[in-house]
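Heads up: the structure comes next, in structure tokens.
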Number of protein chains: 2
Amino acid sequence: MQDRQAAERPLTRIQRKNRETILDAALDAFSSYGFRGTTVDQIAELAGLSKPNLLYYFPSKEAIHAELLTLLLDAWLDPLRALDPEGEPVAEILGYVRRKLELSRDYPRESRLFANEILQGAPRIMAALEGELKALVDEKAAVLANWAAAGRIADMPPHHLIFSIWALTQHYADFDVQVRAVLGPGHDPYAEAQGFLETLFAKLLAP
Amino acid sequence: MQDRQAAERPLTRIQRKNRETILDAALDAFSSYGFRGTTVDQIAELAGLSKPNLLYYFPSKEAIHAELLTLLLDAWLDPLRALDPEGEPVAEILGYVRRKLELSRDYPRESRLFANEILQGAPRIMAALEGELKALVDEKAAVLANWAAAGRIADMPPHHLIFSIWALTQHYADFDVQVRAVLGPGHDPYAEAQGFLETLFAKLLAP
DNA sequence: ATGACGTTTGACCTTCCGGTCAAATACACG
DNA sequence: CGTGTATTTGACCGGAAGGTCAAACGTCAT
């Protein structure tokens with residue numbers, strides 16, 4: 001029945017800095033090589049720490065990964081939460097597309113970490129998918145369905161509309177190397193995608 | 001200067017069967033756990049062979065993976081190859097969408113294997129992306145651009161049109177568990193997607 | 001400056017994993 | 001049958017990887 005060292009005590013300056021450094025290094029590694037493909041030594045090296053030192057701040061590789069996924073999930077849902085049922089339908093949806101694309105552009109590592117996890121069957125976040133995520137999507141899907149029923153956007157299965165937004169925006173982060181390989185040099189994928197997706201969804205949503 | 005055993009000799013019945021079994025087992029494993037996340041013992045177990053026995057048929061884990069990727073790439077490009085410059089534009093593109101979605105439905109493991117590889121930066125197939133794939137896409141993009149110039153489909157960046165088809169169709173295979181978690185039971189994602197994507201692209205392409 | 005607590009480290013342990021090898025067993029074919 | 005070749009296997013190897021530990025080193029408040 002011993003007290004857990006860091007349970008109550010506030011984090012020290014060094015703790016805050018090192019935990020942050022470690023999480024950033026781990027995000028680099030996990031998003032590039034996956035969970036199994038990443039070694040603790042690798043993360044430690046990236047973070048500029050020794051392996052035992054790193055394990056002083058996190059109990060295990062698993063724990064670092066879990067922490068990253070938790071932080072990620074919340075940030076991931078934000079743009080959808082911001083979709084306002086009282087707003088103008090097309091503008092709201094296009095705004096969501098834009099925010100989601102910006103997320104892909106500015107946080108591609110997070111996008112790939114998430115994609116990796118889902119690809120492997122989401123073993124560590126299945127509960128969140130079936131709980132939080134489903135609840136939020138169902139809520140917003142209802143909003144979309146109402147808009148469609150009111151003739152303010154075209155009629156379509158709202159869940160799939162949301163999937164299409166995810167698919168199209170995350171593609172630019174997750175498949176970045178393919179996109180760039182196919183486009184060749186001299187392109188700004190995100191800038192081009194921005195205009196293209198805006199047009200696409202404008203046409204799709206028009207009643 | 002010794003002869004390579006299997007260089008010339010035709011494969012025996014047992015060789016054919018076992019190589020096939022191994023590749024199938026390896027596809028299961030690699031597509032679920034990634035390259036590093038998969039162990040040779042795991043593949044052997046799935047294939048019902050002992051590890052040394054498996055390594056009698058393939059020189060290394062790497063070789064199995066490479067073989068799978070090679071087989072995959074070809075099958076992956078086929079639907080796009082089939083896009084006919086002489087056909088009716090909208091029908092051709094919708095046909096491509098349908099074929100690609102069927103590929104996701106019928107070969108989700110292959111889709112995830114590919115996604116895994118791209119996510120990790122495509123270390124083993126970068127050459128193919130910049131070579132074969134880019135060439136084919138450029139060729140078909142030119143066809144799309146011609147159709148747009150002739151006013152037979154709406155004007156849009158052809159490469160991104162192709163990306164959008166990839167993104168939307170592969171999403172249903174790669175993010176399958178998320179799609180099902182969000183939809184809940186009692187849905188047939190692919191059937192629903194089929195109708196939705198047909199509408200989406202019909203609207204997008206209309207001049 | 002000193003004691004207490006926070007931080008860092010080198011050495012080490014164990015398990016896992018890709019791959020090898022020699023010997024044993026099945027198979028095909030004259 | 002019998003013999004040469006294909007196939008299978010148990011035992012083993014070396015290195016990588018996750019994690020532990022005791023001791024050394026810093027930091028900071030009194």
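Throughout, protein chains are lettered first and strands after them, A, B, ... in sequence-line order, and every chain is numbered starting at 1. Computed over heavy atoms, backbone and side chain alike; hydrogens, waters and symmetry mates excluded.
Distances from the side chain of B:S50 to the nucleotides C:dT7, D:dT7, D:dT9 place D:dT9 closest. Of the candidate nucleotides D:dT7, C:dT8, C:dG6, C:dG6 has the atom lying nearest to any side-chain atom of A:T12.
Applying a 4.0 Å cut-off to non-hydrogen atoms, none of the residues of residues 19-32 of chain B approaches DNA chain D. Within residues 64-72 of chain B, no residue has a heavy atom under 4.0 Å from DNA chain C.
For the salt bridge (charged side-chain N to carboxylate O under 4.0 Å, His left out) condition, the pairs that include at least one residue of residues 114-131 of chain A, sequence neighbours left out, are A:E62-A:R124, A:E117-A:R124. Among pairs with a residue in residues 135-147 of chain B, those fulfilling salt bridge (charged side-chain N to carboxylate O under 4.0 Å, His left out) read B:K134-B:D138, at least two apart in sequence or across chains. Applying the side chain to side chain donor-acceptor pair (under 3.5 Å) test to residues at least two apart or on different chains, the pairs with a partner in residues 182-192 of chain A are A:H187-A:E192, A:E192-B:H160.
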B/S/- along nucleotides 14-30 of chain C (protein heavy atoms under 4.0 Å) is ---SBBBB------S--

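With values rounded to the nearest 0.5 angstrom, A:Q120 atom CD is found 5.5 Å from B:N116 atom CG.
The side-chain contact (heavy atoms from CB on, under 4.5 Å) test applied to B:A122 returns A:V177, B:I118, B:I125, B:L129, not counting sequence neighbours. For B:T39, the side-chain contact (heavy atoms from CB on, under 4.5 Å) partners two or more places apart in sequence, or in a different chain, are A:R36, B:D41, B:Q42. For the side-chain contact (heavy atoms from CB on, under 4.5 Å) test, residues two or more places apart in sequence or in another chain that qualify with B:A115 are A:L119, A:F175, B:D174. In terms of the side-chain contact (heavy atoms from CB on, under 4.5 Å) criterion, residue partners of A:E102 (sequence neighbours excluded) are, by chain and number, A:R98, A:R105, A:D106. When the side-chain hydrogen bond (donor to acceptor under 3.5 Å, both in side chains) test is applied to A:Y57, the partners found at least two apart in sequence or on another chain are A:N18.
Within the 4.0 Å cut-off from OP1 or OP2 of D:dT8, not a single side-chain nitrogen or oxygen of B:Y56 is found. When the side-chain nitrogen and oxygen atoms of B:N53 are compared with OP1 and OP2 of D:dG10, none of them lie within a distance under 4.0 Å.
When atom types are taken as modelled, the side chain of B:S111 and the backbone of B:S104 share no donor-acceptor pair closer than 3.5 angstrom.
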Could you give the side-chain donor-acceptor pairs of residues 83-91 of chain B under 3.5 Å, partners two or more places apart or in another chain?
unit_1: B:D84; atom_1: OD1; unit_2: B:E86; atom_2: N; d: 2.8
unit_1: B:E88; atom_1: OE1; unit_2: B:V90; atom_2: N; d: 3.4
unit_1: B:E88; atom_1: OE1; unit_2: B:A91; atom_2: N; d: 3.0

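D:dT8 atom C1' lies 13 Å from atom CD of B:Q15, rounded to whole Å. Rounded to whole Å, atom P of D:dA6 lies 11 Å from atom OH of B:Y57. Atoms CG (A:N18) and C1' (D:dG26) sit 13 Å apart, rounded to a whole Å.
Within the nucleic acid shown, B:F58 has no heavy atom closer than 4.0 Å to any nucleic acid atom.
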